[in-house]
Amino acid sequence: MMWQDLIFMIGSGLSIVFLAPTLRDATARVPLGTSLPSMGIGFVYGATFFTLGMTFSAAGSLAAGTMWALIAMIRSPTGMGISARLFRLESPGLLAADLRRWINQQRAERSRAEQFVSSDHGY
């Protein structure tokens with residue numbers, strides 16, 4: 001193993017440690033213009049290190065790219081759709097409450113649509 005491989009792996013590991021609080025903070029909002037390029041750089045560096053035979057550096061860079069991908073998916077300002085809610089890291093109770101609210105909204109919409117169905121079978 002080359003010493004450079006170890007240094008790059010340690011650097012990637014530190015970036016993951018420093019990014020973890022952003023992923024855990026429910027109020028954090030990271031623009032996609034920041035997270036997507038960082039994710040891409042992590043994946044490109046990982047592939048490049050792998051072709052150079054620097055497997056530890058490649059693993060570290062791929063892990064950092066994955067961390068940025070999670071931040072993009074969960075902590076972007078637009079990432080609050082139903083799919084993002086399923087990946088929330090705050091608490092299982094909050095996930096269950098969101099799921100119940102979503103199911104109730106679906107039921108309410110269905111019952112409103114049934115109100116306007118004509119009961120006259122001639123039409």
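In this text, all values refer to a predicted model and were calculated from it rather than measured experimentally.
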For residues [X] and [Y]: do they belong to one hydrophobic cluster (side chain heavy atoms under 4.5 Å, members Ile, Leu, Val, Met, Phe, Trp, Tyr)?
X     : Y     : value
Ile10 : Phe18 : yes
Ile71 : Val44 : no
Phe50 : Leu62 : no

First locate atom [atom1] of [X], then atom [atom2] of [Y], and finally report the distance between them rounded to the nearest 0.5 Å.
X     : Y     : atom1 : atom2 : result
Ser35 : Ile74 : OG    : CD1   : 11.5 Å
Trp68 : Thr34 : CH2   : OG1   : 6.5 Å
Thr66 : Ile16 : OG1   : CD1   : 8.0 Å
Thr55 : Phe49 : OG1   : CZ    : 11.5 Å
Met9  : Leu14 : CE    : CG    : 10.0 Å
Phe56 : Phe8  : CZ    : CZ    : 15.0 Å

inquiry  = Ignoring hydrogens, what is the shortest heavy-atom contact between Ser61 and Ser12? Give both atom names and the distance.
reply    = N-OG, 3.6 Å
request  = Locate the shortest heavy-atom distance separating Met54 from Gln4; write the atom from each residue and the value.
outcome  = CE-C, 4.0 Å
request  = Identify, with sequence neighbours excluded, every residue that meets ring pair (Phe, Tyr, Trp, His ring centres under 6.0 Å) alongside Tyr45.
outcome  =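 With sequence neighbours excluded, Tyr45 shows a ring pair (Phe, Tyr, Trp, His ring centres under 6.0 Å) to no residue whatsoever.
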Hey, does the side chain of [X] reach the backbone of [Y] with a donor-acceptor pair shorter than 3.5 angstrom?
X     : Y     : value
Arg75 : Leu23 : yes
Thr51 : Thr48 : yes
Asp25 : Pro21 : no

inquiry  = Is any side-chain heavy atom of Leu36 closer than 4.5 Å to one of Met39?
reply    =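 Yes, at least one pair of side-chain atoms sits under 4.5 Å.
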task = Could you tell me whether Phe43 atom CZ has more than 12 heavy atoms of other residues or ligands within 6.0 Å of it?
result =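 Atom CZ in Phe43 is packed in, count exceeds 12.
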